[in-house]
Amino acid sequence: MKNQEEKLQCIQITKMIPAFIDRELSYRELEQFMEHVKECESCREELSIQFLVEVGLNSLEAGNTFDLQEELITAMEEAERKVQIYRFLKKSIFVLGCIGIAGAFLAVVLLLLYFLV
């Protein structure tokens, strides 16, 4: 049984499904979405249903042949790669920031030593 907080998170994630299908989620939203969908079977099912309806109808209207299950798997894999890149960039920016702060601190110390000695 889901508690109130989990239910609210599911509602929020469910509202994000159309943006996921249209590839309109920001990297931060995509990370949150993917983490939740991995853990929540009911949200995965809702994603599957909405994906099949939306993409299926569009494919039918266009007269294309399609394998919707494979397209969903491909979309999820693509989203997971984007999340991994986002996480890598976040870590890289943090490390570069730390290096920058350390460099600035070292520069201040060296300037103080230069002027005080």
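We number each residue from 1, following the sequence as shown.
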Distance-minimising heavy-atom pair for Q69 and L52: N-CD2, 4.4 Å
Verify same cluster id: L111, L116 (apolar side-chain graph, 4.5 Å): no
F105 reachable from L113 in the ILVMFWY side-chain graph, under 4.5 Å edges: yes
D22 side chain to E24 backbone, donor-acceptor under 3.5 Å: no
Heavy-atom side-chain proximity of Y27 to V83 below 4.5 angstrom: no
Note: K15-E46 ion pair, threshold 4.0 Å (strictly below): no
Side-chain hydrophobic cluster, 4.5 Å single linkage: members besides I93: none
Cationic N near anionic O, under 4.0 Å, E78 to R23: yes
Electrostatic pair E35-R87, nearest N-O below 4.0 angstrom: yes
Test side-chain contact (heavy atoms from CB on, under 4.5 Å) applied to I85 - qualifying residues, sequence neighbours left out: L89
Flag, side chain of Q50 to backbone of L47, donor-acceptor distance under 3.5 Å: no
Close side-chain approach of E71 and F51, heavy atoms under 4.5 Å: yes
Contact check, side chains of C40 and I13, non-hydrogen atoms, under 4.5 Å: no
K82/E31 salt bridge by N-O under 4.0 Å criterion: no
Within-4.5 Å side-chain heavy-atom neighbours: Y86 and R28: yes
A79 versus F20, closest heavy-atom pair with distance: CB-CE1, 3.6 Å
